[in-house]
There are 2 protein chains.
Amino acid sequence: MQVQRHSKQRDAILENLCSRYDHPTAEDLYFSLKPRIPALSLATVYRNLAQLEGDGKIIKIGSGGTARYDGNINLHYHLTCLDCGGVFDIFLDTDCGLCKEASKAFDGRILSHSVLFTGYCPSCSKQVG
Amino acid sequence: MQVQRHSKQRDAILENLCSRYDHPTAEDLYFSLKPRIPALSLATVYRNLAQLEGDGKIIKIGSGGTARYDGNINLHYHLTCLDCGGVFDIFLDTDCGLCKEASKAFDGRILSHSVLFTGYCPSCSKQVG
DNA sequence: TCGCTAACGATAATCGTTATCGTTAGCGTT
DNA sequence: AACGCTAACGATAACGATTATCGTTAGCGA
């Protein structure tokens with residue numbers, strides 16, 4: 001079996017991602033860490049993001065084009081702002097029993113789900129009116 | 001203003017997409033139509049899919065990697081099978097008031113939403129057990 | 001300290017999608 | 001029915017995000 005080794009790069013990536021709430025892209029994380037770790041490679045960022053996602057320590061948000069990442073693994077939803085392009089968290093008290101409802105309606109096995117809202121974020125919806 | 005002209009290619013793409021339920025990729029549609037329209041270009045497929053989506057006649061499913069398309073524009077959800085990679089429809093009677101709940105919890109404007117379930121499709125979930 | 005190899009950095013390759021550009025064909029007007 | 005305008009086309013180059021390759025580095029158990 002393959003033993004996973006510890007790495008400073010992965011620590012830094014996870015720590016950086018968990019300390020922010022803007023759902024950065026791989027490149028965002030790369031430029032954010034580059035000053036602290038000058039030798040860092042973009043490939044390393046991608047590699048570790050994939051590994052962390054596989055370990056269930058982060059979430060990948062496949063919002064169409066460029067992938068974004070989220071260090072908050074508690075169930076919550078996202079909204080993509082049509083104006084500024086940002087991704088924002090939406091926390092719902094009730095999960096609306098979505099998986100339960102879907103399991104009733106679908107003859108397969110449902111493991112998880114993600115919800116992506118589209119609209120305007122607080123500041124952009126104020127600007128337009 | 002720009003007047004939209006009629007085109008045989010767009011007709012064929014829309015018709016093909018609406019007659020199937022497997023959520024094909026742009027390339028799937030291209031190869032499906034190529035025998036009937038030998039001169040068809042993949043760029044034309046992408047162009048028309050984008051236009052049809054903009055006109056609200058089809059839906060684009062941004063399931064992470066390659067985009068898939070759906071000719072059914074009635075609100076419903078999708079499941080990606082972890083085993084075979086296929087995308088399947090999930091119709092819920094109740095929409096669970098998702099947009100309403102989210103609007104209460106989010107200080108912006110919510111226009112639409114999409115839900116993507118992950119799990120195993122009927123046939124794959126039977127094979128594994 | 002040694003040896004194995006997971007993880008790294010640099011960079012080439014891949015792949016889905018979009019942009020460019022010369023040509024074709026809808027369609028309103030003569 | 002021919003004319004002219006330009007949307008849409010087909011072919012292909014370009015792009016951008018992601019992944020693969022490969023020689024080097026560095027965890028970590030012996």
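Numbers restart at 1 for each chain; the letters A, B, ... are given by sequence-line order, proteins then strands.
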Side-chain heavy-atom pair Glu27(B), Val45(B) within 4.5 angstrom cut-off: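 The answer is no; the side chains never approach within 4.5 Å.
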
Interatomic distance where [atom1] belongs to [X] and [atom2] belongs to [N] [whole Å]:
X	N	atom1	atom2	answer
Asp55(A)	dA7(C)	CG	C1'	14 Å
Arg47(A)	dA10(C)	CZ	C1'	10 Å
Glu53(A)	dT18(D)	CD	P	12 Å
Leu42(A)	dC8(C)	CG	C1'	13 Å
Glu27(B)	dT17(C)	CD	C1'	11 Å
Ile61(B)	dG16(C)	CD1	P	17 Å
Asn48(B)	dC9(D)	CG	C1'	9 Å
Tyr30(B)	dG16(C)	OH	P	14 Å

Residue met sooner reading DNA chain C from 5', once Val45(A) and Lys60(B) are mapped to nucleotides: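 Nearer the 5' end of the strand: Val45(A).
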
Which of these nucleotides, dA20(D), dA17(D), dT12(D), is closest to any side-chain atom of Ala43(A)?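 When the side chain of Ala43(A) is considered, dA20(D) is the closest of dA20(D), dA17(D), dT12(D).
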
Partners passing side-chain contact (heavy atoms from CB on, under 4.5 Å) against Ala43(A) (at least two apart in sequence or in another chain):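 Expected list: Ser41(A), Arg47(A).
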
Can you list everything that forms a side-chain contact (heavy atoms from CB on, under 4.5 Å) with Glu15(B)? Sequence neighbours excluded, please.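 With neighbours one apart ignored, the set is Arg36(B).
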
Respond yes when some side-chain nitrogen or oxygen of [X] is under 4.0 Å from OP1 or OP2 of [N], and no when none is.
X	N	answer
Gln51(A)	dA6(C)	no
Tyr46(A)	dT18(D)	yes
Gln2(A)	dT5(C)	no
Thr44(A)	dG9(C)	yes

For the pair Lys34(B) (side chain) and Leu40(B) (backbone), establish whether a donor and an acceptor sit closer than 3.5 Å, ignoring hydrogens and angles.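 Side chain of Lys34(B) to backbone of Leu40(B), a donor-acceptor pair under 3.5 Å: yes, one is there.
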
Heavy atoms only, 4.0 Å cut-off, all strands: where does Ala50(B) land among base, sugar-phosphate and nothing?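 Counting heavy atoms under 4.0 Å across all strands, no contact is made by Ala50(B).
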
How close do Tyr120(A) and Phe106(B) get, counting heavy atoms only, and between which atoms?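 For Tyr120(A) and Phe106(B), the tightest heavy-atom pair comes out as O-CE2, 3.7 Å.
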
Which atom pair, heavy atoms only, marks the closest approach of Ala102(A) to Leu92(B)?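 Nearest heavy atoms, Ala102(A) then Leu92(B): CA-CD2, 3.6 Å.
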
How are the rings of His76(B) and His23(B) set relative to one another: parallel (under 30°), tilted (30 to 60°) or perpendicular (over 60°)?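 His76(B) vs His23(B) ring planes: tilted.
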
Atom pairs, N/O to N/O, protein against nucleotides 23-30 of chain C, distance under 3.5 Å?
unit_1: dG26(C); atom_1: N2; unit_2: Arg5(B); atom_2: NH1; d: 3.4
unit_1: dG26(C); atom_1: N2; unit_2: Arg5(B); atom_2: NH2; d: 2.6
unit_1: dG26(C); atom_1: N3; unit_2: Arg5(B); atom_2: NH1; d: 3.4
unit_1: dC27(C); atom_1: OP1; unit_2: His6(B); atom_2: N; d: 3.1

